[in-house]
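Beneath this line is the structure, given in structure tokens, with notes to follow.
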Amino acid sequence: MRPLDEKETTQVFEKLFKFTGPNLKHLLERPAVEGPDPEPGRYCLRLHRNRVYYASEALVRRATAVARPRLAGVGTPIGKFTHHGAFHLTVHALDLLAAHARRRVWLKPDTERNFLFGNSVPKSSLARITENTKAGDGVVVMSMADLPLGFGIAARSAQDCRKADTNAVVVLHQADAGEYLRKEEELM
Amino acid sequence: MAKKGPKGKPQPLPAPEGKKGSKAAPPPKAAKRVPKKKQMLLESSDDSDTEQQQHLQEEDSDLDLPSDSDAEELSGSDAEADELSGSDAEGSGDEVEEDEEEEEEGDDESDDDPLADDFLADSDDSEGGDSGIESDESDDLEAKSRAIDERKLKAEEEAEEELKTNIRSESDEFRLPTAEMFPAVELVEVLEAFEKRPPECLRTNTLKKQGASSFLPVMALAPQEKERIVDMAAAPGGKTTYIGALMKNTGIIYANEFNEKRLHGLLGNIHRMGVTNTIVCNYDGKELPKVLGMNSVDRVLLDAPCTGTGTIWKDPQIKTSKDIEDIRNCAFVQKQLLLAAIDLVDANSKTGGYVVYSTCSIMIAENEAVIDYALKKRNVKLVPCGLDFGRPGFIRFREYRFHTSLDKTRRFYPHVNNMDGFFVAKLKKLSNTIPETSESSKASEGAVEKADPSGDDEDTKAVPDEQEKSVPDKDEKAVQMKNHKDTKKANKGTSEPKPDKPAKHLKNHKKDAMETDGPESTETNEDVKEVRHEQTKQTGNKKKIASDRTKKFAPKSTSVIKEKKPVSDKKRKRKWQFKLRRDWEAGKKSDKRRKV
């Protein structure tokens, strides 16, 4: 487990920025509840076997005692680096993103399942969308009950969504909660 | 059992007769009218769980009153048993009698063959025959009841003998302990219940239908926020995630899993459940103290790998695939893991200092024996689990005698609690120091350790606070009776009767042991005590008395090392054990007399 170097940090932050915007620093600077210490520390990112973990400093400090081959995870993984060095966010980041993302999309109740199976979101599924969404923004997909279902990239801006026809893709799927069941093996 | 007033509950005569009269002599019986028998039956059956009754009504007639039987098992007082069986006998009809005999035979069968499916067949047959008899001979009740009593008496005698031979013979070692854990009738229920699947839990995916029994150890553990917790065998993650939920993602959970293949599921569940304060690692539990540091965490949960005899419904192969070697190996590993878990915990932690040990097995060798071993080897004591249901663990079983505090452990059975067979024990670590003798002595459940004459002194000295009132001489004597005779006598003169000692947990432990434990436990307790004694020796016996009386747990620093006498003879275990047992009982009686 090691801290990310420059390049890696840039990559991770780029991806996160799409979702959080200027809130990004808040992600790392919020007080950390984890850890047995009474004063909360901060959060940090660590790299371990091509996965990026988001954990509080206290947790990270204690995890250094565990040998590298024996460590399986610290805190929550938020993404992984592929073989050729690209970084992708995984579904484990959902909770984090849902808490800090600026743009959200709400799905109609009947259409949730379609998204959870890994498909993109067509306009017909759309119930609500945050007003000032731009194309290419990171978007968190929620159910009508405000339950985060997954996240993706907005294919159109909010205004364009109104004009689009019913089958046009609105959100490009990146990750959804159904992957915990579908892609159990691949996730880890 | 006091006879209650007759209840008007209508119950068919064949139904909950249940009677486990195999172990006590029936009182002399006058002729009883059938209705009165029914009433008696109702009275006795009132003592049992209502669940049992309903169950019994549906099932065969030979089902028993488990609560009564259990009370008998655990308390082990023959007088009680007599009363119980007496009242039971009153209510039992012809069918029961024959069924009992059948049961006893069936019991033997089940002892030898874990797949005791023949059991039900026997009782079915007898039941059919009985109903015919009953209607014909209602006039002849008196003679019949006498005949029944005689038969019962005979059956009990046979059972007694059989029981005795069981104790004596080595070859019995691997009979399923269920035969003695449960009375015959309850045994049927147990075996049946093991076949059925208990209610499933809601969690799915890799967590796959963990029953409620998975949550019991965590409830016992009671993790607080901002604590450091270790889960030593975390996969598939039901307990770890529950701990995380209770802690609300504060503090730290070290989730350790030895098996790499199961690590995957563990990680998946942790992340899916949104538990963020975990460090997941892949160690052998025994190594954890080295990795994380001794005395470093607040609480440890050890859900030990076991033979899985409590979860037969998941894997029926368990009934046939486990043998004595498996159990021994499991027990060995479990003991080592438990010691490692105890070493991990910080006794001085502000909020914690607890270890919860649980298995999904009902075997004594994996449960009570392991806890007893830990009590001897480390400075820990048992505390109530915080679970108010479930049966207390065994204190005595076959030839084993465990520490009395083992009744604070809890056993759960499918036929009683409607969940997997389970065992939970909660230990509190009293001090971070490791008793020295524990490291040098060999580890085995009932092994008699060296008998230090010095240990004897210390034994008499090391008496727990609450017992300190008791006459020292008596203690000494009692201890002596339990310990090696020669060395004891040698030291009798030297050791001061004052039962004072820096009160370590061992005091309580020891006193309990002296009062109620059999020779074996006492033996090893003594060894552990030796260390204490050694440490305190120099201050002198008499001095200890006054100051120690008030102290609960004196710091080890006050104690001084006393030279240990060499290990004296190790007698042949069995003969000596029986002798000691007799003496101990005699001593116990005299203790009681003196105490009062």
Side-chain angles (χ1 to χ4, degrees), chain A residues 1 30-41 43 46 48-49 51 53-79 90-96 98-99 147-148 175-188, chain B residues 204-207 223-230 234-235 237 244 247-284 287-293 296-299 346 349-352:
Chain A
M1 188 174 60
R30 65 185 176 113
V33 287
E34 291 104 24
D37 313 320
E39 318 91 35
Y43 285 95
R46 286 291 179 269
H48 180 64
R49 292 194 207 160
R51 280 182 196 276
Y53 292 92
Y54 173 85
S56 64
E57 283 172 355
L59 217 61
V60 157
R61 216 178 326 128
R62 281 174 177 76
T64 51
V66 181
R68 197 171 291 182
R70 301 292 199 172
L71 184 65
V74 184
T76 51
I78 55 173
T90 53
V91 67
H92 306 291
L94 180 58
D95 285 339
L96 203 60
L147 205 65
D176 65 87
E179 283 180 15
Y180 282 116
L181 296 170
R182 277 198 328 269
K183 291 195 181 172
E184 230 184 301
E185 301 297 319
E186 297 167 21
L187 280 185
M188 275 298 145
Chain B
T204 55
N205 196 14
T206 42
L207 213 43
Q224 309 297 317
E225 297 193 15
K226 292 228 175 269
E227 275 189 344
R228 301 157 292 178
I229 314 260
V230 173
M247 290 167 69
K248 301 196 184 62
N249 270 340
T250 60
I252 284 189
I253 305 176
Y254 294 92
N256 176 60
E257 173 57 37
F258 179 49
N259 189 344
E260 278 179 46
K261 297 192 192 75
R262 303 183 76 202
L263 213 50
H264 180 95
L266 171 63
L267 285 167
N269 282 316
I270 287 178
H271 298 138
R272 183 170 63 91
M273 300 293 181
V275 181
T276 59
N277 59 342
T278 54
I279 296 174
V280 184
C281 47
N282 176 22
Y283 280 105
D284 184 353
E287 300 168 19
L288 277 181
K290 281 190 227 106
V291 171
L292 300 180
S296 58
V297 298
D298 295 313
R299 294 176 201 247
D346 180 14
S349 126
K350 290 186 215 80
T351 56

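Chain letters run A, B, ... following the sequence lines, proteins first, then strands; residues in each count from 1.
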What closest approach, in Å, do [X] and [Y] show between heavy atoms, and which atom pair accounts for it?
X: A:Val66; Y: B:Cys281; result: CG1-CB, 3.7 Å
X: A:Thr76; Y: B:Val275; result: CG2-O, 4.4 Å
X: B:Gly274; Y: A:Asp95; result: CA-OD2, 3.9 Å
X: B:Leu263; Y: A:Ala72; result: CD2-CB, 3.8 Å
X: A:Leu59; Y: B:Asn277; result: CD1-O, 3.8 Å

Check your understanding: If you tally heavy-atom pairs under 4.5 Å against chain B, which of A:Ala67, A:Gly75, A:Pro69 wins?
Key ->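 Going by pairs under 4.5 Å, I would pick A:Gly75.
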
Review point. Atom CD1 of B:Ile252 and atom OG of A:Ser56: how far apart are they, to the nearest 0.5 Å?
Key: 7.0 Å

Check your understanding: Can you tell me how far the CZ atom of A:Arg70 sits from the CD atom of B:Glu260, to the nearest 0.5 Å?
Key ->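 A:Arg70 atom CZ to B:Glu260 atom CD measures 7.5 Å (nearest 0.5 Å).
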
**Study point:** chain B contact via A:Ala177 - side chain, backbone, both or neither, heavy atoms under 4.5 Å
**Key:** neither

Check your understanding: Is it the case that more than 12 heavy atoms not belonging to B:Tyr283 sit under 6.0 Å from its OH atom?
Key -> yes

Review point. Side chain, backbone, both or neither: which part of B:Ile279 has a heavy atom under 4.5 Å from chain A?
Key: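 When you check distances to chain A, atoms from both the backbone and side chain of B:Ile279 fall under 4.5 Å.
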
